[in-house]
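Working notes for the structure below.
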Amino acid sequence: MKTFLLICLAVIASITLLANLGPMIMLLISVAIAYYGVRKFVVADTTGKKVGWGIVILIGVSMSLSNIPALIGVVALVVLYYTYKKWQQEKNNYYKDDYLTWDKL
């Protein structure tokens, strides 16, 4: 029964992840833009450059805030990861109990 529930959870998480793959890619691009803007903002010398990089940071942050469905995809990815870990743990426990020992005979 646990195996069936883990498979169902993995299928649902996979479908959710695939459905939100586009917004997740856009979230990655927008976070990269904001990160690049922050790095350039820190090393900028003049006020004009700081204002320009500040605008780039605001554009990146506003793009990332508009990708709320991507957060659902990230949660589905985390659920899929923990489901896989639980599956491997259950599989290892099953094989560990399967060995015959002299105590069991």
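Taking both residues in full, the closest heavy atoms of Met63 and Ser30 are given as CB-CB, 3.5 Å, listed atom of the first, atom of the second, then distance. Leu80 and Ser14 make their closest contact through CD1-OG, 3.6 Å (heavy atoms, listed as atom of the first residue, atom of the second, distance). Here the shortest heavy-atom pairing between Ala44 and Lys49 reads CB-CB, 3.8 Å. Here the shortest heavy-atom pairing between Ser64 and Val31 reads CB-CG2, 4.3 Å. Shown here for Ile57 and Ala34, the closest heavy-atom pair between the two residues is CG1-O, 4.1 Å. Scanning all heavy atoms of the two residues, the minimum distance from Ala76 to Leu17 falls at CB-N, 4.0 Å.
A heavy-atom distance below 4.5 Å is not found between the side chains of Leu71 and Val75. For the pair Phe41/Val56, no side-chain contact is recorded, criterion being any heavy-atom separation below 4.5 Å from C-beta on. Between Arg39 and Val43 there is no side-chain heavy-atom pair separated by less than 4.5 Å.
In terms of hydrophobic clustering, with Ile, Leu, Val, Met, Phe, Trp and Tyr side chains grouped at heavy-atom distances under 4.5 Å, Ile55 and Tyr35 are assigned to different clusters. In the hydrophobic cluster analysis, where Ile, Leu, Val, Met, Phe, Trp and Tyr join through side-chain heavy atoms closer than 4.5 angstrom, Val74 is grouped apart from Leu28. Both Leu6 and Ile15 are assigned to one and the same hydrophobic cluster, defined by single-linkage of ILVMFWY side chains at heavy-atom distances under 4.5 Å. Linking Ile, Leu, Val, Met, Phe, Trp and Tyr whenever their side-chain heavy atoms come within less than 4.5 Å leaves Phe4 and Ile12 in two separate clusters. The hydrophobic cluster containing Val11 does not contain Tyr82, counting ILVMFWY residues as joined when their side-chain heavy atoms lie under 4.5 angstrom apart, directly or transitively.
Atom CG of residue Leu21 and atom CG of residue Leu77 lie 10.0 Å apart, to the nearest 0.5 angstrom. With values rounded to the nearest 0.5 angstrom, Ser66 atom OG is found 9.0 Å from Leu27 atom CG. Considering CG of Leu18 and CE of Met24, their distance stands at 10.0 Å, rounded to 0.5 Å. To the nearest 0.5 angstrom, Ile59 atom CD1 is 10.5 Å from Trp53 atom CH2. Atom-to-atom distance recorded for Asn67:CG and Asn20:CG is 10.0 Å, nearest 0.5 angstrom.
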Trace of the side chain to side chain contact (heavy atoms under 4.5 Å, CB included) decision for Ile7 with Trp87 = CA-CA 9 Å; Ile7 289 173; Trp87 174 274; 3.7 Å; yes

